[in-house]
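Structure first, commentary second.
Numbers restart at 1 for each chain; the letters A, B, ... are given by sequence-line order, proteins then strands.
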Protein chains: 2
Amino acid sequence: MVVKKPLTPAVVVDVALGIVDEHGLEGLTLAAVAQRCEVATPSLYKHVANLGELKALVGVRVLDDMTERFTAAVLGRGGDEAVTALMGAYRAYVNDHPKRYSAMPMDPLHDPIQKTAGAKQIDVMFATLRSYGLEGPAAVHAARRLRVLVHGFASIESAGGFGLPEGLDDTYDQLIQMYLASLRKDT
Amino acid sequence: MVVKKPLTPAVVVDVALGIVDEHGLEGLTLAAVAQRCEVATPSLYKHVANLGELKALVGVRVLDDMTERFTAAVLGRGGDEAVTALMGAYRAYVNDHPKRYSAMPMDPLHDPIQKTAGAKQIDVMFATLRSYGLEGPAAVHAARRLRVLVHGFASIESAGGFGLPEGLDDTYDQLIQMYLASLRKDT
DNA sequence: GCTCATAGGCTAATGGCATTAGCCGATGAG
DNA sequence: CTCATCGGCTAATGCCATTAGCCTATGAGC
């Protein structure tokens with residue numbers, strides 16, 4: 001017999017993530033979550049403050065999932081190899097969950113709920129650049145460039161913004177090489 | 001005395017754009033537009049098919065405005081100078097209307113309403129790269145890289161995604177130099 | 001085993017918004 | 001002068017978020 005999972009904030013976020021995967025962030029609605037949980041809409045307020053908070057929590061989950069994959073990809077590597085692995089992992093995650101990416105907050109540091117998850121992800125990026133020995137502003141600029149590249153590509157690709165998928169792998173390779181070259185100049 | 005403008009689709013889009021500038025794309029609502037036009041909400045349906053179409057039209061307007069500024073920036077220039085001007089104009093537009101940028105469609109070619117405006121903007125980018133003499137796929141990759149850079153940066157900056165505005169000009173400069181270097185390798 | 005606070009679910013009600021249907025007056029072409 | 005059309009309006013529907021207030025089971029503490 002089926003034992004219904006007790007509803008917890010984490011479960012609600014799980015369900016929400018499923019809805020986002022299927023219908024996009026705009027499709028994420030308390031009513032839809034409630035239906036999947038076989039519960040009346042107002043009941044959700046016992047687990048989550050409101051729709052805004054739920055969206056923030058979904059953002060945290062996406063951030064954490066990505067960070068975990070990045071960490072795994074970079075572990076045991078350094079230098080260009082690590083950077084390449086990180087950029088590959090970023091794109092891979094977004095391709096695995098295209099709709100999901102729109103739930104990733106661009107400004108996690110501005111939201112108390114997302115702050116630590118956001119900081120953790122940025123830390124991984126900084127750590128990936130560690131072996132280049134960049135100091136102060138140079139490190140910040142390098143991390144920003146990296147973020148611009150991966151986010152720019154991922155956001156356009158996941159939106160279907162590149163006319164044809166034709167040669168997208170090559171384009172991404174070129175972005176990686178371009179970035180690695182810029183790192184060489186930095187050091 | 002005040003002569004009230006006759007309501008036309010173009011005027012409705014103007015008003016909508018004002019709302020987007022103030023409250024963001026999520027704040028764009030037919031009810032809000034109607035109020036500013038001093039008209040009942042259903043009246044808008046005489047000028048616009050529905051909220052979705054209005055958003056698409058706003059997207060076209062943004063696309064066109066940007067393209068116009070890009071064209072002006074690039075006119076009479078070539079090579080690195082032209083690319084630098086284009087990238088500068090892109091960032092400048094977004095900084096002039098931060099909220100607005102979220103209304104710029106990432107996949108204009110998929111929407112019949114936005115298709116030509118999107119194609120025109122991409123044409124300007126290709127034209128800016130013309131003097132490098134890139135052929136076939138190389139030209140496509142170069143244009144994609146350019147788009148990734150400008151969009152990635154603009155989208156993060158306009159969302160307030162960079163921790164501190166500290167040194168953002170420098171970061172953007174580095175992105176430009178990085179891109180110019182990648183073009184040198186292409187040729 | 002009894003009691004009572006609480007966790008977690010529910011119904012009812014409110015208010016915002018999109019959208020549709022159907023009405024109506026002004027206006028301009030013929 | 002007439003009439004179709006344009007552009008506005010009101011009424012009604014339905015979806016959604018959110019709040020208020022109710023009710024029950026359960027488990028901690030006695």
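Think of the region where chain B sits on DNA chain D: with heavy atoms and a 4.0 Å cut, that region ends 5' and 3' at dG7(D) to dA11(D).
Salt bridge annotation for K99(A)-E22(A): absent, with no cationic side-chain nitrogen under 4.0 angstrom from a carboxylate oxygen. Using a 4.0 Å cut-off between charged side-chain N and carboxylate O, R91(B) and D169(B) make a salt bridge. With respect to the salt-bridge test (charged N to carboxylate O, under 4.0 angstrom), the residues R69(B) and D96(B) qualify. R61(A) and D14(A) are joined by a salt bridge, as a carboxylate oxygen and a charged side-chain nitrogen come within less than 4.0 angstrom of each other. Ion pairing between a basic and an acidic side chain is recognised when a charged N comes within 4.0 Å of a carboxylate O; D186(A) and R145(A) show such pairing.
Following rounding to the nearest Å, L30(A) (CG) and dG16(C) (C1') show an atom-to-atom distance of 15 Å.
Judged by distance alone, with hydrogens and angles left aside, the side-chain atoms of H47(B) form no donor-acceptor pair with the main-chain N or O of V12(B) at under 3.5 Å.
Contacts between residues 41-56 of chain A and DNA chain C, counted as heavy-atom distances below 4.0 Å, involve P42(A), S43(A), K46(A), H47(A).
Place L7(B) and T29(A) on DNA chain D by their nearest nucleotides, and L7(B) ends up nearer the 5' end.
The nearest pair of heavy atoms linking A49(A) to Y45(A) is O-CD2, 3.3 Å.
The residue A40(B) sits close to a base: some heavy atom pair falls under 4.0 Å.
The side-chain hydrogen bond (donor to acceptor under 3.5 Å, both in side chains) check on Y90(B) picks up Y101(B), with sequence neighbours excluded.
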